[in-house]
Structures are given as structure tokens and as C-alpha cells.
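Being a predicted model, the structure only gives us computed values, none of them experimental. Starting from 1, each residue takes its place in the sequence as its number.
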Amino acid sequence: MRAPPRLDDPLWQAAVDLEASFLSEMLKSAGLGKTSEAFGGGEGEDQFQSLLIKEQANAMARSGGIGLAEQVFNSLKKSEAQQK
């Protein structure tokens with residue numbers, strides 16, 4: 001069993017950021033953030049919706065997400081260890 005990554009490890013942060021970007025795109029594709037017809041707020045609402053989606057994806061990734069960050073991190077650490 002591997003030790004959990006240190007939260008201040010730059011490699012771990014990069015893996016979490018990658019997962020957050022992936023989740024953000026998935027949330028957009030799923031239709032999250034589309035304004036309803038009843039409350040169409042124009043361009044301003046569209047801009048803030050993208051920020052909301054990004055923050056929701058960041059929160060999901062930081063709280064464990066779908067495991068993508070962990071897989072990427074472990075793979076990179078393994079590759080790093082093999083190069084030494």
C-alpha cells in the first residue's frame with residue numbers, strides 16, 4: 001500500500017488540477033450551467049456559470065473526485081522512481 005500523497009507536493013497538485021479540468025469539461029458536457037428559459041440572465045450569467053462550474057470541479061477534485069488524480073499521481077511517481 002502506498003503512502004498518501006502530501007498535499008503540498010507539486011506533482012499531486014498538478015494531478016488534482018488535471019482532474020479538475022477534466023471534471024469541468026464533463027460538467028459542461030452534461031449541461032450543468034445552462035441557463036433555464038425562465039431565468040435567462042444574458043452574457044453575465046453565462047460568464048459566472050463557467051466560474052461556478054470550474055469551482056465545483058475544483059471542489060470535487062480536492063475532495064477525492066473520481067480517482068483520476070490519484071491514478072495520474074501514482075503513475076508519475078512510479079515513472080519517476082524507475083528513472084532514478
Side-chain angles (χ1 to χ4, degrees):
M1 180 171 195
R2 293 189 175 162
R6 291 181 32 211
L7 297 179
D8 62 345
D9 186 335
L11 193 56
W12 174 248
Q13 289 302 317
V16 170
D17 290 345
L18 176 69
E19 181 172 357
S21 295
F22 175 77
L23 289 171
S24 179
E25 291 303 314
M26 294 303 293
L27 291 172
K28 287 179 199 173
S29 294
L32 184 69
K34 288 186 180 178
T35 56
S36 66
E37 297 299 318
F39 297 105
E43 290 181 35
E45 186 172 347
D46 290 339
Q47 290 174 346
F48 284 109
Q49 284 294 342
S50 68
L51 294 174
L52 178 61
I53 290 170
K54 184 177 178 181
E55 284 306 310
Q56 287 172 329
N58 283 333
M60 288 170 66
R62 285 191 309 268
S63 67
I66 58 174
L68 180 62
E70 184 178 0
Q71 292 296 321
V72 168
F73 177 78
N74 289 336
S75 179
L76 291 173
K77 279 295 192 183
K78 182 178 177 182
S79 175
E80 187 179 73
Q82 288 174 350
Q83 290 178 0
K84 288 183 180 180

**Message:** Grouping I, L, V, M, F, W and Y whenever their side-chain heavy atoms are under 4.5 Å apart, do M26 and L52 come out in a common cluster?
**Reply:**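 Not linked; separate clusters.
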**Message:** With a 6.0 Å cut-off (strictly less than), is the heavy-atom count around CD of Q56, excluding the residue itself, greater than 12?
**Reply:**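 For Q56, atom CD is crowded (more than 12 foreign heavy atoms under 6.0 Å).
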**Message:** I need the full list of salt bridge (Lys or Arg N to Asp or Glu O under 4.0 Å) pairs touching residues 54-68, with sequence neighbours left out, sorted by first then second residue.
**Reply:**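 Sorted pair list comes back empty.
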**Residue pairs passing the salt bridge (Lys or Arg N to Asp or Glu O under 4.0 Å) test where at least one lies in residues 13-27, sequence neighbours excluded** = E25-K28
Can you list the residues that meet the side-chain contact (heavy atoms from CB on, under 4.5 Å) rule with [X], with sequence neighbours excluded?
{"X": "E80", "result": "K77, K84"}
{"X": "A57", "result": "L23, S24, L27"}
{"X": "A15", "result": "A69, V72, F73"}

**Distance in Å, S21 OG paired with L68 CG, rounded so as to fall on 0.5 Å steps** = 10.0 Å
